[in-house]
Amino acid sequence: MDKFIINGGKRLKGEVNISGAKNATLPIMTATLLAKGNSILHNVPRLIDIKMMSHLLRVLGARVDFHGDVLEIDTTYVNYYEAPYELVSKMRASIYVMGPLLARFGQARVSFPGGCAIGTRPVDLHLKAMEALGAKINIEHGYIKPACKELIGNEINFDKVSVGATANALMTAVLAKGETNIHNAALEPEIGSLIDFLNKMGAQIEGKDTTHLKITGVSKLEPAEMEMIPDRIETGTFLIAGAITKSEITVSNCIPKHIQVLIDRMEDAGYLFEIIGDSIKIYPPQIIKPVDIVTQPYPNFPTDLQAQFLALMTLADGQCTVEDTIFPDRFMHVGELNRLDANILMDKNMAIINGVKSLSGAEIMATDLRASATLVLAGLAARGQTTISRIYHIDRGYERIEEKLQKLGANIKRVRG
Ligand code: UD1
């Protein structure tokens with residue numbers, strides 16, 4: 001297994017370009033299943049999760065080709081409706097094939113996703129949406145098997161905001177007969193981007209960027225072509241890389257308003273920002289002020305940046321707290337950060353961080369995607385050498401992270417295991 005070796009404590013400088021968003025690309029890849037023919041996606045990041053989703057689409061009968069950052073998906077010969085355990089257990093987002101398969105073929109068979117390192121993650125809301133549209137759901141031998149003769153538009157009321165369930169509900173409702181209204185829909189930019197793609201395919205969805213989505217079903221969709229939005233979590237991770245190493249760096253090719261809440265909280269901590277078009281320059285303060293955060297659905301603080309922000313706060317001048325209301329158990333990184341001499345205590349599901357003057361290098365282990373990025377950030381700030389093992393998690397969601405950091409002047413290398 002590969003490792004990262006980081007010699008930390010160095011300032012970074014220069015500019016980094018943000019790649020296309022993984023979490024926008026994954027549902028759009030499955031949305032291509034709704035039509036017959038060749039869809040083309042631009043600005044697609046080269047990531048393990050994208051490769052796994054390509055593999056799943058091929059298993060279903062699609063042809064998937066990557067040229068540079070362009071992904072072509074031909075769904076003409078899709079003739080198989082199962083997402084097998086081997087794939088779903090490795091990548092939860094495989095559940096996104098369920099809605100499109102049900103809508104186009106009237107059936108699907110998707111392995112039940114289990115828990116993962118960030119806690120239990122149910123799929124009841126996905127199933128509730130499909131049932132509301134007329135599907136019968138059977139669950140047997142660890143597989144979810146929705147089926148229907150016809151999908152009929154309906155009211156879908158989510159009692160909790162879910163990105164995945166909103167995406168699956170949209171991808172099912174676009175081909176249902178009549179009108180569907182989704183209430184309490186997720187507002188995340190990745191949902192907006194999926195709506196844009198579905199509407200390009202010929203769907204009729206109104207209410208983008210609001211919590212009420214109105215879908216008027218159509219009988220057929222066509223393949224489409226679209227550019228993927230920049231990854232807001234990668235944007236935030238690199239801003240924190242600048243922040244934690246007290247460096248002035250520029251993060252380019254991003255959409256600043258997608259991470260406004262992070263910018264606001266970092267301003268509270270004393271950082272200054274210069275935003276010009278699609279680039280953000282960060283200016284560090286002498287002293288980092290402690291700032292409490294609570295993660296909540298967009299536009300509030302994202303759970304996918306919780307760990308990275310927590311790492312930054314380990315160097316704050318005082319005490320603060322971090323709470324995750326989306327995934328309350330998502331604190332595997334705390335023990336590893338404490339190995340780097342951070343001072344973090346857990347009180348039930350709240351992290352209490354007592355800022356320290358500096359972190360010091362150690363051997364640590366990555367546990368999940370965002371926690372891995374966090375350990376890299378902490379390693380960049382820590383004095384001396386940090387070795388991070390099990391970094392395969394990071395390749396699921398960050399495109400060439402060590403190359404991008406090297407370009408900013410970081411001393412980081414990958415040791416192939
Ligand atoms: C997506 C993102 C993930 C991000 C998360 C929250 C992708 C591929 N993944 O995950 O990176 O951390 O949004 O922003 O885009 N829930 C239920 N029942 C359900 C579904 C969800 O109770 O049927 C709960 C979850 O346990 C969680 C909350 O709803 O507490 C939000 O989860 P959700 O938005 O669905 O996350 P994902 O779509 O899985």
Side-chain angles (χ1 to χ4, degrees), residues 20-31 45 47-50 52-53 56 83 87-88 90-99 110 112-132 137 139 144 146 156-172 182 184-194 211 228-229 231-234 236-237 258-259 261-262 294-309 323-332 349 368-374 393-394 396-398:
K22 165 178 95 72
N23 287 353
T25 308
L26 291 170
I28 288 175
M29 286 174 77
T30 68
L47 301 169
I48 302 271
D49 273 15
I50 301 291
M52 280 207 268
M53 185 60 89
L56 174 54
L87 283 171
V88 183
K90 289 199 192 96
M91 186 185 55
R92 220 188 114 78
S94 311
I95 192 106
Y96 282 141
V97 297
M98 193 157 67
V110 178
F112 220 109
C116 65
I118 66 177
T120 46
R121 293 172 76 177
V123 289
D124 55 311
L125 300 172
H126 298 242
L127 304 187
K128 184 181 156 180
M130 276 165 218
E131 274 178 326
I137 314 263
I139 297 179
I144 310 167
I156 300 175
N157 291 293
F158 286 128
D159 49 22
K160 195 170 190 180
V161 179
S162 162
V163 177
T166 303
N168 249 332
L170 275 169
M171 293 191 282
T172 313
I182 304 179
N184 203 19
L187 289 169
E188 270 69 2
E190 295 75 22
I191 292 293
S193 169
L194 174 64
T211 57
M228 299 301 103
I229 56 170
D231 196 308
R232 66 192 165 102
I233 305 302
E234 190 194 15
T237 302
H258 285 174
I259 49 149
V261 67
L262 174 70
V294 178
T295 70
Q296 275 167 343
Y298 191 87
N300 296 304
F301 202 95
T303 175
D304 286 351
L305 283 172
Q306 176 259 104
Q308 300 89 318
F309 193 83
E323 217 181 323
D324 198 323
T325 69
I326 312 278
F327 298 116
D329 298 325
R330 190 179 206 178
F331 284 103
M332 305 280 277
N349 290 115
D368 68 67
L369 169 55
R370 305 303 170 188
S372 317
T374 300
H393 293 288
I394 216 164
R396 288 188 40 215
Y398 290 87

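We number each residue from 1, following the sequence as shown. Note that ligands are numbered from 1 as they come in the structure, with each ligand's atoms numbered from 1 the same way. Predicted model only: the values in this text are computed from it and were never measured.
- In this structure, Tyr96 counts as a contact residue of ligand 1, since one of its heavy atoms falls inside 4.0 Å of the ligand.
- Close approach of ligand 1 to His126 is summarised as follows: ligand atoms under 4.0 Å from at least one heavy atom of the residue are 23 (O).
- Look at Ala165 and you'll find every heavy atom at least 4.0 Å from all atoms of ligand 1.
- Considering OG1 of Thr211 and CD1 of Ile182, their distance stands at 11.0 Å, rounded to 0.5 Å.
- The distance criterion of under 3.5 Å between nitrogen or oxygen atoms is not met by Glu188 with respect to ligand 1.
- At under 3.5 Å, a nitrogen or oxygen of Asn23, whether backbone or side chain, sits near a nitrogen or oxygen of ligand 1.
- Put simply, the side chain of Asp304 reaches to within 4.5 Å of the side chain of Asn23, judged on heavy atoms.
- For the pair Lys22 and ligand 1, the shortest N or O to N or O distance does not fall below 3.5 Å.
- For the atom pair OG1 (Thr166) and CG (Asn184), the distance works out to 8.0 Å, reported to the nearest 0.5 Å.
- Remark: ligand 1 atoms within the under-4.0 Å shell around heavy atoms of Val163 are 13 (O), 33 (P), 34 (O), 35 (O), 38 (O).
- Remark: side-chain polar atoms of Glu323 are not paired, donor with acceptor, to backbone N or O of Val294 under 3.5 angstrom.
- Of the possible donor and acceptor atoms, none in the side chain of Lys128 sits under 3.5 Å from a partner among the backbone N and O of Ile156.
- Ligand-side atoms of ligand 1 in range of Arg92: 39 (O), range being under 4.0 angstrom from any heavy atom.
- In this structure a side-chain-to-backbone donor-acceptor pair under 3.5 Å is missing from Thr295 to Pro302.
- Heavy atoms of Val161 approach ligand 1 to within less than 4.0 angstrom.
- Between Leu125 and ligand 1, an N or O atom pair is found at a separation short of 3.5 Å.
- Checking Gln306, Gln296, Lys160 against atom 24 (C) of ligand 1, the nearest heavy atom belongs to Lys160.
- Between the side chain of Asn168 and the main chain of Ala165, no donor-acceptor pair closer than 3.5 Å is present.
- Taking distance alone, with nitrogen or oxygen atoms compared against 3.5 Å, Phe327 stays at or beyond that limit from ligand 1.
- Near Arg330, meaning under 4.0 Å from one of its heavy atoms, ligand 1 places the atoms 12 (O).
- The shortest distance between side-chain heavy atoms of Leu26 and Met91 falls below 4.5 Å.
- Taking a cut-off of under 4.0 Å to the non-hydrogen atoms of Gly164, the atoms of ligand 1 that pass are 35 (O), 38 (O).
- Comment: Arg92 does not engage Asp49 in a salt bridge, judged by the lack of any side-chain N to carboxylate O separation of less than 4.0 angstrom.
- Residue contacts with ligand 1: Ile326 is placed with a nitrogen or oxygen under 3.5 Å of a nitrogen or oxygen of the ligand (distance criterion only).
- Residue Thr303 places no N or O, backbone or side chain, under 3.5 Å from any N or O of ligand 1.
- Ligand 1 lies out of reach of Glu190, whose nearest heavy atom is not under 4.0 Å from it.
- A salt bridge links Glu190 with Arg232: the closest approach of a Lys/Arg side-chain nitrogen to an acidic carboxylate oxygen falls below 4.0 angstrom.
- Judged by distance alone, with hydrogens and angles left aside, the side-chain atoms of Asp324 form no donor-acceptor pair with the main-chain N or O of Phe331 at under 3.5 Å.
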